Structure formats: structure tokens, C-alpha cells
Amino acid sequence: MATTATAVPRRWRLPYRLQVDRRLEAPRWLSPLVSLGAILVALLLGAVILEIVGGDAVAAYAHIGRAAFGNLGVFSDTLVKATPLILVGLACAVAFQMKLWNIGAEGQFFMGALGASVVVLAPIVPIEAPRWVTIPAMLVAGMAFGALWGAIPGLLKATLRVNEVITTLMLNYVAISLVNFFVFAVWSEGGFQMSPTFQRAAWLPRLADYASQVPLFRGLTTHLGLAFALVAAGVVWYILYRSLWGFEIRLVGDNPRAAHYAGVNIVRNTVLVMMLSGALAGLAGMSEISGVVHRLQTSISPGYGFTGIIIAWLAKLNPLVVAPVSVLFGGLILAGREIQPAGVPRLIQGIILFTLIASEVLLRYRVRLVRVDAEPA
Amino acid sequence: MCWAWAGGLPLAQAWMGKLMVEHPNAAIPAVDANLAVNQNAVEMRGIVKRFPGVLANDHVDFDLRPGEIHALLGENGAGKSTLMSVLAGLYKPEAGSILLHGQPVAFNSPRDAIAHGLGMIHQHFTLVQSQSVTENVLLGLATPRFWLRLPEHDRRVADLGQRFGLSVAPQAKIWQLSVGEQQRVEILKMLYRGVQILVMDEPTAVLAPHEIEGLFATLRSMVAEGKSIVFISHKLNEVMAIADRVTVLRQGRVTAAGVRANETTIPELARLMVGRTVLFDLQKRPQAPGEVVLTVDQVCAENNKGRPALRNFSVTVRAGEIVGVAGVAGNGQAELAEVITGLRRCTSGRLLVHGLEVTNSPPRALIEQGVAHVPEDRTHVGSAPNLTITDNVIMKQYRHAPLAQGWSLNYTTAQAAAETLKTEYQILAPSVKTPARFLSGGNLQRVILARELSVRPQLLIAVQPTRGLDVGAIEGVQRLLLAQREAGAAVLLISEELEEIFALSDRIVVIYEGEVAGEVTEHDPEAIGLMMTGGKRAYAAPAGEGG
Ligand SMILES: Nc1ncnc2c1ncn2[C@@H]1O[C@H](COP(=O)(O)OP(=O)(O)OP(=O)(O)O)[C@@H](O)[C@H]1O
Ligand SMILES: [Mg+2]
């Protein structure tokens with residue numbers, strides 16, 4: 001193959017070819033525009049695929065819109081889905097700011113759920129304890145377990161230079177298996193793959209709980225976890241852009257050698273940032289089982305931890321942008337449960353990730369079509 | 001087939017030993033030697049290039065004759081790199097036109113420009129460290145496509161190197177090469193692509209004196225074959241030595257267009273560059289040095305490849321004293337600075353600052369001890385490219401009030417501090433929010449100097465502090481160093497510029513292969529030159545006792 005290709009003269013060529021040049025100056029408006037464009041292209045590609053397999057793309061999209069944002073009720077459900085996404089999105093954004101590629105948010109999410117469950121099921125706080133004792137205890141335990149799960153790859157990276165991509169990825173499976181073990185072997189309710197339901201004091205309050213005072217809230221499932229997530233977004237923003245620690249994180253992320261030269265302790269920061277990232281993902285796990293599922297079971301995440309990676313990138317690692325992007329994705333996930341053929345929103349999610357990564361190239365390179373014959377040799 | 005080979009054509013000619021001077025590339029239409037005799041190789045007319053907040057080139061005219069070496073001079077941030085980047089297709093000008101051999105051209109990319117026989121070598125090299133010289137030369141070419149046939153190309157590269165005096169082993173990997181050799185690879189890359197017009201941005205800034213001689217020989221052999229060269233430099237004596245004509249830029253405008261080098265003088269050029277007369281007489285007041293601030297005692301350290309870089313090196317620096325470390329590049333100077341500032345482990349020996357043992361302390365501890373460091377590598381070590389000027393100037397001070405308030409960093413104070421430093425150190429940038437990577441080389445150096453000197457250090461380790469600076473700025477930095485000395489700081493000045501070392505130092509230590517080759521207090525260039533090349537026994541000065 002190869003030899004003939006070099007030896008045989010090529011008679012025919014495409015009249016155009018792509019020319020790719022490195023971009024030195026990227027205008028400021030380009031980055032959000034490219035992200036938006038990536039989403040649009042993804043929707044378009046999704047539509048094409050739907051049409052090809054015989055679906056009706058317009059109807060499908062209209063349905064997704066209605067199913068996710070159509071009325072207060074479904075919008076509330078969208079927010080419920082968005083809650084863990086905001087938290088894992090923040091978890092990824094923090095780590096990525098320091099160029100720590102934590103793809104273990106999924107495992108840290110499971111560990112957070114496990115931590116919160118230990119508080120209720122071990123039990124660490126008695127069943128009759130009031131809500132204001134149980135919930136904070138679950139919160140702390142969930143974040144601590146997540147932080148621990150982040151600290152392991154952090155330590156390995158900082159001290160032994162073990163690649164964190166591999167360790168965080170592998171620890172996902174360990175965490176999921178660990179949760180499975182507790183669900184099946186320790187806390188199984190009558191042999192089912194789920195623990196007993198938590199006592200009411202371990203449930204995060206929902207808007208619907210206040211329907212007697214505010215009739216508008218009737219049936220709304222949005223829970224206190226959303227408030228945790230929004231506060232977390234504010235806190236992470238403060239840490240990254242206003243605190244001394246955030247300055248160190250951004251400095252290490254931009255140029256580790258300069259950070260070392262400026263006296264920043266890179267080892268310590270690697271561990272701490274991974275712990276913060278893990279704690280945020282752990283909080284997501286806690287909020288999900290305490291606010292939605294109310295028990296520990298095996299299927300608590302449709303891959304939130306991985307969606308968090310996409311969200312962090314789409315938000316360009318800005319904690320305040322993570323929230324609206326998560327709402328968009330929350331809508332897609334919600335619609336996914338409703339729509340036929342199922343899997344369309346997942347398909348679109350996948351395509352968004354794909355177009356997004358592809359579009360990064362446009363930020364760094366200028367791609368043009370040039371005529372071959374107009375071009376000098 | 002035919003034009004797929006066009007890129008390799010000039011090489012084939014070179015390979016056959018024929019001198020096809022004016023017809024290097026099939027792509028250039030009618031570069032007929034006879035036609036082009038009186039035609040400029042390059043003509044830039046009315047070039048305007050704006051960056052947010054800066055007018056980098058303001059209606060600049062520039063011309064380059066065939067077979068000449070044309071020096072482009074100007075202050076830091078005058079717009080030299082920008083003008084040449086416009087020429088090489090990296091930037092698009094807002095206005096103006098470019099003619100190549102009389103033909104109007106508009107390049108869309110550096111690759112376009114190279115296809116027209118015009119290439120630029122930037123200050124920061126673009127070589128793949130893990131690949132061989134030949135592989136780097138071939139990188140990005142259309143041919144060879146599948147079969148590399150490396151031995152054959154090795155030979156071509158070697159032949160090309162021989163023809164222009166660029167000795168470098170084709171099979172060597174880039175990381176094994178010195179900076180000077182890497183530069184030769186960059187030149188080879190351009191020659192291999194049949195470049196007729198070569199632009200070099202501050203090529204001598206990174207070279208040792210003997211390497212500069214080699215580079216000049218190469219440039220001369222290139223113009224002898226009819227190629228034309230644009231040469232950006234801040235070193236006026238080099239310019240006088242190599243250039244046929246000189247163009248001077250100041251604040252984006254031309255202040256002297258194509259003046260013949262032999263019709264001008266160094267002071268005249270300096271005046272054209274900075275707009276005032278530059279006095280090179282530094283007032284160094286005699287001053288009795290104070291107590292010992294830095295003691296380096298029998299220190300050994302390894303370089304990045306694990307080979308010994310410092311061997312029982314000892315030196316002391318007292319308060320109010322500048323000690324110069326002279327030596328040919330690569331004799332352990334870089335490692336010495338890193339060991340003292342905590343960036344590199346010393347394998348044996350002791351380091352004391354103010355009598356306190358700081359051997360292998362972390363960088364942070366040394367910063368708190370008042371040790372400032374102007375590093376050699378300003379882009380990779382000294383600054384964070386995507387962070388703002390503000391972030392870069394507070395990089396070492398952010399932990400202290402008034403910048404730090406509890407856990408918060410007060411960005412308002414930081415910005416105000418940065419504004420002050422920007423004025424005080426004459427950092428040319430649209431605002432303190434500009435990312436460091438947009439700064440011109442000299443202005444980035446000023447950011448680093450501002451950060452390191454503004455804290456009134458007790459001990460200053462300055463490595464090549466004036467590299468890449470214009471004459472006016474060099475004078476400014478040297479004054480700053482003397483001011484530090486007068487304020488009682490201990491200064492260790494590591495430099496390859498002997499003139500700078502002579503002008504500033506109270507004592508001079510010569511380093512050779514990681515050892516102290518000798519120490520002198522009087523300015524004796526010959527003795528130092530001898531020691532720098534290893535003749536240390538011939539001149540055994542009483543080392544150790546300085547003051
Ligand atoms: N990509 C960019 N974006 C914004 N401003 C820029 C950019 N490149 C250069 N500048 C600005 O344009 C001006 C001219 O810069 P240039 O690099 O051409 O200077 P120079 O003459 O090469 O200086 P030096 O001798 O310091 O290298 C400077 O003020 C610089 O800050
Ligand atoms: Mg420059």
C-alpha cells in the first residue's frame with residue numbers, strides 16, 4: 001500500500017483542501033460563540049440522525065422542550081436533575097482549573113452517597129434525631145467520603161507522579177462496587193438491591209412540603225440540594241477568583257514551573273484541590289440520595305460524574321456558568337425518560353461532547369478551505 | 001507528481017552542488033535574476049497593525065534589498081517583532097501592502113510565506129524535543145510522504161549544513177543540543193524549504209560569544225548566495241559588525257529608514273532608538289561592603305540529565321556588594337542560581353543566608369528570607385503566560401498584607417500596586433489586565449524585574465537581567481541593580497555579558513565546569529577570558545576572601 005502510494009503519481013486531486021493555521025489572537029467573543037455553535041451543530045446532527053432512522057426530529061425536539069421546560073412542574077423536575085449536575089460540574093471545574101484531570105467524579109459521587117448512608121443506616125445518628133442534626137451529619141459525611149476518594153489519586157499524583165486520569169477512572173469502579181457490596185450484603189432490604197427507606201429526618205425538605213403555606217408549591221420536587229448547589233457555585237467562584245488559594249490554583253494551572261518558582265506548594269495543592277473536587281462530587285451524591293431517592297441503591301446515577309466533565313468544559317470552567325449549563329443538561333436527562341425512542345437525549349449529549357471537543361480546535365487554529373490550484377505549490 | 005516535488009526541488013539542486021541562486025522555488029513566478037537586479041526583495045508600504053490598546057505598527061515602510069543583511073532596531077515594544085510577523089504571514093495588517101520581488105503578496109499563514117521563499121525564525125524555537133534534527137527539518141513538508149528514508153535525508157541535511165557552516169549532527173535528538181545548535185536546526189529548516197529571505201528575531205540574545213561568530217559566518221555565506229536577511233537585535237555593536245543597512249523603529253514608527261551601517265555610529269543609533277542620548281557611564285560609588293549575606297559553601301549539584309553541574313562551588317556575597325559570576329554558558333551558572341533559590345537540590349555542601357542554614361529549603365522559605373530571583377527563562381519560569389500583568393507582579397507577594405486579607409486576595413489593591421509598578425518600571429502594555437503572553441520580550445522582563453526589585457530584597461540573584469532589553473532599558477536595569485547595591489542588598493549577578501559584569505561587579509568569580517576557576521577584583525578581561533576556558537591554574541587568584 002504505502003509503497004505504491006509514493007511511487008504512483010497522483011493524477012487527480014480534490015480542487016479544495018483544508019488549510020489549518022495556528023491562531024495567535026483569538027477574539028474574546030469567539031469562545032462563547034463557538035460553544036453555542038457546538039450545541040447547535042450537535043442538535044442539528046441529532047436531527048439528521050433521527051430523520052435517517054425514520055424519526056421526526058422536529059417533533060422529538062418539541063417534545064424534549066415540553067418535557068423539560070413546559071410548565072412549572074416539569075421545570076421543577078429539571079431543576080432536580082440539574083442539582084447533582086451543578087455539583088459534579090463544579091467538582092470537575094475546580095480540578096480542571098489546576099489541570100488535574102479528575103474523571104472520577106462518578107466514583108466520588110457514589111462515595112458521597114455511601115457516606116451519607118452510613119450516617120443513617122449504621123446508624124451514627126439515632127433514628128429519632130431531629131432533621132437539623134441528621135442532615136448536617138449526612139452532609140459532612142458525604143463530603144468527607146468524596147474528599148477521601150479524591151485525596152487518594154491526589155496523593156498518588158503529588159508524591160509518586162501517578163497519572164490521575166487512570167487512578168480516578170479506576171477508582172470509579174471501586175466506588176461503585178463498594179456501594180454494591182453495602183446495598184446487597186449489608187443493608188439489603190429483604191434481598192432487594194436497595195437499602196430500607198431513610199427516616200423522614202434524613203430527607204432534604206422539598207418545596208412540596210410547604211404546599212400548605214404556599215399553594216403554588218404543590219407537587220414541586222425541587223429540594224434543598226439545589227440551594228446547596230447554588231451556594232457551592234458561589235463558594236467555588238469565591239475560592240477561584242477571590243481567595244489566596246484560588247490564586248495559587250490558577251497559577252499552578254497556568255504554569256507549574258512559575259508557581260514552584262513563586263513558592264507555591266504544588267504537592268499540597270494537588271491533594272487539596274482533588275479533595276475539594278471529591279467533596280463537591282460527594283455532596284452531589286449525598287444530596288441525590290437524601291433529596292430524591294431516600295435510600296441507598298445501586299442505580300443512583302445515570303452517569304452524572306461523566307456529564308459533569310462536559311458541563312465543566314461547556315461552562316469554560318467558570319463556576320457561575322456551570323449552573324445554567326447544568327439546567328440545560330438536566331432538561332435533556334429528564335426528557336430522556338419521557339421520549340420515544342428512548343436514548344435520544346443521551347445521543348444528543350454524546351454529540352454535544354463530541355462537537356464541543358472538535359470545536360476547541362477552532363479556538364486554537366484557523367481552518368480555511370483553499371483552492372488547490374490557486375495555491376502555490 | 002511534478003509539483004508535489006516542488007518543495008524538495010531547491011534541495012535537490014543544493015544536493016547536486018549547483019548554485020541556483022535566484023531560482024530556488026518553482027512556486028515563485030519569474031524571480032528572474034536579471035529582472036530582479038534593481039528590485040527590492042521585500043517592500044513593505046504603510047503597514048498598520050493594531051492590537052487592543054496598542055498601535056504596534058503605525059504606517060511603517062520597510063525595504064530589503066537582495067543579498068543584504070538589514071538590521072531592524074528599536075526599543076522594547078517598538079513593534080519590530082510585530083512588523084516581521086506581518087511580513088511572515090503570522091499577522092494580517094490593518095492597512096498597507098507587501099511586495100515580494102515587485103509582486104504584491106498577501107500571506108495567509110507562515111506556510112504561505114515559506115512557499116513564497118520567505119521564512120522567519122522566532123525567539124522561542126518550535127522544535128520537537130524528542131525527534132532528531134533531520135526529522136525536525138522534514139516535519140510538516142509534503143514530501144517525503146510515507147517512506148521517510150532517513151539516511152538519505154540525513155545526508156542532505158548534513159550537506160546543506162556544510163554548505164552554510166551549520167555544523168550539527170543530523171541524527172542527534174533536539175534535547176541533546178545546546179541552544180545555539182537548536183538555532184542552527186531552525187535555520188536548516190528554513191534553508192531546506194528553499195527560503196530566499198530569512199527573518200531572524202533576536203537570534204543572538206541566546207548565544208554565547210563564540211556561537212555568535214559562527215552565526216555571523218553562516219549569515220555571510222547566505223547573503224553570498226544572494227539570500228537576504230532581516231536581523232533583529234538590541235546589541236548595537238553586533239549590528240555594526242554584520243549589517244549592511246539599518247532601520248530603526250520607535251513607538252511603532254520608523255525613525256531611520258535603511259541607513260547604511262558604515263555611515264552611522266553606535267551613539268547615533270542609540271539616540272534614534274530611545275529618542276535621547278544614552279549615557280553609558282554608570283556611576284558606581286565606592287562603598288565598603290557590609291556583613292556576609294550569602295554563603296555558598298562547597299556546594300555540589302546535578303543538572304537535568306543527572307550529571308554533575310556544580311562541583312564544590314563556594315562563593316560569598318556581602319551586603320552592598322555586587323559579585324559577578326562570569327563564564328561561558330552551560331558551565332553551571334543556571335544550576336547555581338537554582339540551588340540558591342531552592343529550585344534545585346544540592347547534593348552536598350551548605351547554603352547560608354544571613355548566617356542561617358537554608359540548604360535545600362523550599363523556594364517559599366527563601367522568598368520569605370528576602371531572596372529575590374530574576375530567572376534566566378522568563379517565559380517558562382518567570383511568568384504565567386495566561387495570567388494578567390497584575391497576577392504576575394503579585395506572584396510572590398500575594399500572601400502578605402495588604403494584598404492578602406485573611407483568606408481573600410484584595411484585587412483592588414493588587415491592581416493599584418500593578419499600576420504603580422507599570423509606571424515606575426515603564427512596562428508598555430494596554431493595561432495591567434493584559435495577559436503576560438501579549439507582552440513584547442523586553443516588557444515581560446520588566447514585569448519580572450518590577451516584581452523582584454520592588455520588594456527591596458536582601459539578596460538578589462540576577463541571571464542575565466538585561467537579556468533582550470533595548471539600550472535604554474539596559475541602562476535602566478543596570479542603574480536599578482546599582483541602586484539595590486547602594487540600598488544594602490547583596491547581589492549575585494550571573495551573566496554572559498562580560499561588559500555588564502565589568503561595569504557592575506565589585507568582585508568577579510569565574511565559573512568553569514561547575515568549579516570556581518578563579519576570582520578577580522580588577523577588571524582584567526584577558527585573565528578572565530583565560531579562566532573561562534579552563535586555564536585556571538595559570539591565574540591563581542586568592543579565592544574566597546573578597547572584601
Ligand atoms: N498578540 C498581541 N496582542 C496584544 N498586544 C500585542 C501582541 N503582540 C504584541 N503586542 C504589543 O504590541 C507592541 C509591539 O510589540 P512587539 O513584540 O512587536 O515589540 P518588539 O519591538 O519586538 O519588542 P522587544 O524588543 O521587547 O521584543 C507591544 O506594546 C506589545 O505589547
Ligand atoms: Mg520582539
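Just so you know, these numbers come straight off a predicted model, no measurement behind them. Just so we're on the same page: letters track the sequence lines, and every chain starts at 1.
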Do you know the tightest heavy-atom contact between [X] and [Y]?
X	Y	result
A/Gly263	B/Pro363	CA-CB, 4.1 Å
B/Met395	A/Ala262	O-CB, 3.5 Å
A/Arg257	B/His380	CB-O, 3.4 Å

Kindly compute the distance separating OH (A/Tyr261) from OG (B/Ser383), expressed to the nearest 0.5 Å. 9.0 Å
Report the distance from atom CZ of A/Arg250 to atom CG of B/Asp391, rounding to the nearest 0.5 Å. 5.0 Å
Tell me which of these, [options], has more heavy-atom pairs under 4.5 Å with chain A than the rest.
options	result
B/Gly382, B/Pro385, B/Pro362	B/Pro385
B/Glu368, B/Gln397, B/Glu452	B/Glu452
B/Gln405, B/Arg364, B/Glu338	B/Arg364
B/Leu387, B/Asn410, B/Ile367	B/Leu387

Which of residues 264-281 of chain A have a heavy atom under 4.5 Å from any heavy atom of chain B? A/Val264
Would you mind checking which part of [X] comes under 4.5 Å of any heavy atom in chain A, side chain (CB onward), backbone (N, CA, C, O), both or neither?
X	result
B/Asn392	neither
B/Thr379	backbone
B/Tyr398	both

Quick check on A/Tyr238 against chain B: is it the side chain, the backbone, both or neither that has a heavy atom closer than 4.5 Å? side chain
Measure from the side-chain N and O atoms of B/Asn386 to the backbone N and O of A/Asp254, and report whether any donor-acceptor pair falls under 3.5 Å. no
Could you please spell out the steps behind the side chain to side chain contact (heavy atoms under 4.5 Å, CB included) verdict for B/Ile394 and A/Phe247? CA-CA 10 Å; B/Ile394 64 167; A/Phe247 181 74; 3.8 Å; yes
Among A/Asn255, A/Leu244, A/Leu251, A/Ile239, single out the residue with the greatest number of heavy-atom pairs under 4.5 Å to chain B. A/Leu244
